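Note sheet for the following structure.
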Amino acid sequence: MKPIVPRQSLRATLTAVFMLLALGVVPASATAQSGQPTYLNAQAPISRRVADLLRRMNLEEKIGQTAQPAVVTLQGDCNWSGGELVPACMKHELADQHVGSVLSGGGQAPPRNTPKDWADMVNAVQKYAIDNNRLHIPIVYGVDAVHGHNNVLGATKFPQQLGIGASWDPAVSNAMGQSTAKAVKATGPMWNFAPVLDIARDTRWGRYYETYSEDPYLAGSLGAENVKGLQQSGQVAATVKHFGGYSEPQNGHDRSPAQLDMRYFQDTFLPAYKAAVDAGAQTLMVNSGAVNGIPAHSSHYLLTDLLRKSWGFKGVVVSDWDDVKSLQTAHHIAGSYAEATGIAMNAGVDMAMLPPGSVDGYIDGLTAQVKSGKVSRARLDEAVSRILTLKFRLGLFENPYVDAAKADAAVLGADKDLAVKAATESLTLLKNDGNALPLPTGIGKVVVAGPSADSVPNQNGGWTIAWQGIPDGVQDPGVTVYGGVRTLLGAGKVDLAKTTAEAVDKTKDADAAIVVVGEKPGAEGVNDSETPELAADQQDLIAQVQATGKPVIVVVMASRPLVLGKATAAKQLVMAWLPGSEGGTAVANVLFGKANPSGRLPVSWPKSIGDQPMYYQQLPGPNGGTSSAYDPLFPFGFGLSYTGYEFQGVSLGSASASPRSTVRVDVKVANTGKVDGDMVVPVYAAQPVSRIVVPPKRLVAYTRVTLKAGEARTVTLSFPMSRLAVTPGDINGAGTPVVQPGAYQVIAGDKTSDLTVR
C-alpha cells in the first residue's frame, strides 16, 4: 500500500543547494584525499574506483542501482500527479530503495517548465540522493531529448530524425548532437535517450518519423555522427535504440511482434545499430517487442552473445518503459514479476526503466532472484559495475550539480541558426511543374492556407513538451510557415486563410497560394495509422484552391510519406517532414529562392495504402501482379533542385578488391544550371550475379558537395567492402555475413564502373 504523504515546498531544499554552490561547498566525493577511499579519488583509474565502490556496497544498494523510476514517483502523490518534489516520495525511492537513476519521460517536467526550473529540480533530486545514501552515490538522470531539448518550453526544436535523414548531412547531425547535449546538461540531465537507429519500413507505424532512413548505411552514418556530437563534451551519454528490429512490426502497430528471418535481420537491421555502437555510444536501449517469438528483453543471444561478445559493447543496457514487467504481463514468458526481473537480468539488461507502480515490485523481485541464486551475484555486480562506470565517466562524483542560474541563457532560443540550416537541408522538392518555384520575392499577394500553415505543434510533431506533442493551450515559441512568409515578404503581402472557402476566395485575388497540409502530432501507438494517407478534406482543399488556376504550392508536414490520393495532381510539391520550431523560416527561404532545395528522400514514397512495407532494397524475383515489384510514387533518394546536376563519370582506385579492402571511388559531378546549390552524391553497388538473392543496388557511400552554377568537380569517396556483406547459407540463414567474391558494379547516377572482388 502506497503511503499518504504531505506536499511540501522545495524552497528549503533548493536554498540549501544554492548555498552549497555559492560557498564552493561540494559533496564529500569531490574532496577526495589520499587517505580517503579509492572511489573518491578523482585521479584513480575508473576501473579501480568502480571496483572499490562495488566491494563497499551491500545487496540492497546494488539492486537499487539497476532501477530507474520516473520522476513522477518523486512528485505530488508519488504516482502520476506530477507537481512539486515531495521529500517523503524522494525518501522512498532514493534513500529506502537506493535507486541509481531517475528519468523524465515525455511531459514529466517541473511545475514551471523553464530551463532554470529543470535545473533546480534535477539538482534537488541529486542532492537528496547524495545526502541520503551512506556511500553518497549520485544518480544519473535521463531524458528523451530526441530533436533538441524538446521537453522544455522555449528550447529550440530541431527537425525530427527522418528530416535529418532527408538532409543526407552527417555534419549537421553531429552539430545537432552537440547543441542538444549542451542544452540538456545545462538543465541537469546527463543521459539522453537518443538517437533512434531503427530502420524505416512501414508507414503505418507511428514511430516512422523517429528513424533516419530505410537504408541501413544512411541511417547508421547519421546516427553515428549524432552519437559523437552528443558525447563530445564528455558530460552527456547517448543511447542507441531500440535494439533490435523494432521498426517492422508484423501488423504495422507499435510494439507488435516482428518476424524477421535471420539473414534479413543481420544484413539489414543490425548494421545501423552497430555503426552507433562503434561510434562510442555509452548506453543502449532494448526493443520493446518480440522478434521471431522471443521478446528482445529476454534474448541472451541479442544482448549478450551479439552485443557484448561479438560487438564488444561495454556500456549500460537499459530497458524501455516498463518492459521488464511486460515479460510477465504482455509477453507471458514469466509467471511472476520476480521471474521477469531474473530473465531480463540474465539476458543482459543492466537497468530497468520503471513507471509508477513498478518500482517496488522490480526491486523486491530482483532481490528474491539474487538471493535464490537464479541471478548470480557475479551477474548483478557486472550490471552495477557498468552503471557506476557510466557515472564516473560523466564526472558525477566530482560535479553532480549544474548552475541553475545559467540554464535559461544556455537553452532559451539557442542555436536557432542551426535549426534553420537543418530544416532547410531537409526540405525535399518533389514536383515543380513549369518551374513555378521559386516564387519571386517581389510577388504581389500570397495566400497561406491549410491546417499546418500556422501551427507550431503540427510542425514539431510528437515528443515535444509532452509525449504526444505540444498539449492544447500550451504556447511554445516557433516560426510557422505563415510567420516565415510574413517575415520574408512583409505583413501586407501575406494573407492567412483558415477555411477551404476562405482559401479559395482569397486565392482568386492573389498571385499564388501556399497550402500546408499533413498530420497532427503524435507518438508511438497513438500515432499508428492503418490508413496513412492525406486526409480527404485536405485533398479537397488542395483541389479546390488549384481550381482557381493560380500557382499553388503544396507543403506537406508529416511524420511519414502520406498516400496523396487526388493531391498527387499538385503541380508544386514540397515535403517538409517535421521541421521543428524554426521550420517556417526554412520553408519560406526555399519557396522564395533564398535557399536552393537539396533534400533527398531517405525513404520511398508509396502510391497506395496497401503497399507496405516498402523500401528500395526489395529483393528481385519472378513477381506477378501490378506494382508487385518496387513501384513507389517517388523513389528513395529522389529530390529536385532549382538548378540541374549531372553525373559525368565514375572511376575506381582499383578495378579489383579483396573482401577486407576499402574501395576508392572518384565521381565527376557538375552543376549544369544557373543557380548555386548543394548536390547529394550517392554511390551504390550492384552485384549482377549472387548465390544469395541481393537487392538490385545498395548504398555504399554518399556526400554533399556545394557547386556553383556551371561548376564541375571530381569528388572522392570510399567504402569498405564489408558494407556489401551478406549472410551465406541456405533458407535457414546460418552463419555470419561475408563479402561474396565475384563481379560488382559501382554506380553513381547513370554512370557505372566494374569491380572484381577476389
Side-chain angles (χ1 to χ4, degrees), residues 59-60 62-70 97-103 105 140 142 191 193 239-246 255 257-258 273 283-309 311 313-388 390:
L59 178 62
E60 291 74 20
K62 290 178 180 178
I63 287 174
Q65 284 296 305
T66 72
Q68 184 189 61
Q97 299 286 38
H98 313 286
V99 301
S101 180
V102 174
L103 84 149
V140 57
W191 186 359
F193 303 129
T239 307
V240 177
K241 66 183 191 184
H242 307 84
F243 188 66
Y246 178 49
R255 287 174 166 79
Y273 301 116
T283 74
L284 178 144
M285 186 182 292
V286 186
N287 170 6
S288 294
V291 178
N292 303 336
I294 304 298
H297 285 77
S298 70
S299 175
H300 190 274
Y301 164 77
L302 188 67
L303 302 181
T304 298
D305 296 340
L306 178 66
L307 180 64
R308 301 290 186 186
K309 296 178 182 178
W311 291 6
F313 180 67
K314 304 296 184 185
V316 174
V317 171
V318 63
S319 84
D320 206 340
W321 187 256
D322 210 20
D323 279 337
V324 171
K325 191 174 185 179
S326 289
L327 297 178
Q328 175 206 5
T329 58
H331 298 293
H332 306 295
I333 69 165
S336 66
Y337 193 4
E339 185 183 359
T341 67
I343 290 172
M345 179 64 68
N346 286 331
V349 175
D350 300 315
M351 180 181 285
M353 183 184 290
L354 303 165
S358 287
V359 184
D360 290 1
Y362 169 82
I363 289 176
D364 292 345
L366 185 55
T367 300
Q369 291 280 297
V370 173
K371 287 183 175 179
S372 70
K374 293 177 181 178
V375 172
S376 70
R377 303 232 174 194
R379 170 66 191 110
L380 176 63
D381 285 355
E382 180 181 61
V384 176
S385 293
R386 292 168 181 159
I387 295 163
L388 296 177
L390 176 65

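It should be emphasised that the depicted structure is a prediction, and the values quoted were computed from it without experimental measurement.
- Side-chain N/O atoms of Ser101 and Trp191 include no donor and acceptor closer than 3.5 Å.
- When all heavy atoms are compared, the tightest approach of Gln328 to Gly335 is NE2-O, 4.1 Å.
- For Ser319 against Val324, the heavy-atom pair with the smallest separation is CB-CG2, 4.1 Å.
- The two atoms that bring Asn346 and His300 nearest to each other are O-CD2, 3.2 Å, heavy atoms only.
- Side-chain contact, Trp321 with Ser288: no donor N or O sits under 3.5 Å from an acceptor N or O.
- Across Leu302 and Gly244, no two heavy atoms sit closer than the pair CD2-N, 3.7 Å.
- The backbone N or O of Tyr301 lies less than 3.5 Å from no partner atom in the side chain of Thr304, so there is not a single donor-acceptor pair.
- Using a 4.5 Å heavy-atom threshold, the side chains of Gln65 and Leu388 count as touching.
- Nearest heavy-atom pair, Gly245 versus Ala258, reported as atom, atom and distance to 0.1 Å: O-CB, 4.0 Å.
- Using a 4.0 Å cut-off between charged side-chain N and carboxylate O, Arg255 and Asp322 make no salt bridge.
- Just one residue in the list Leu303, Asp323, Thr66 forms a side chain to side chain contact (heavy atoms under 4.5 Å, CB included) with Val349, and that residue is Leu303.
- With salt bridges taken as basic N to acidic carboxylate O contacts below 4.0 Å, one links Asp350 and Arg379.
- Ring geometry for Tyr337 against Tyr362 counts as tilted: the plane angle lies between 30° and 60°, on a 0 to 90° scale.
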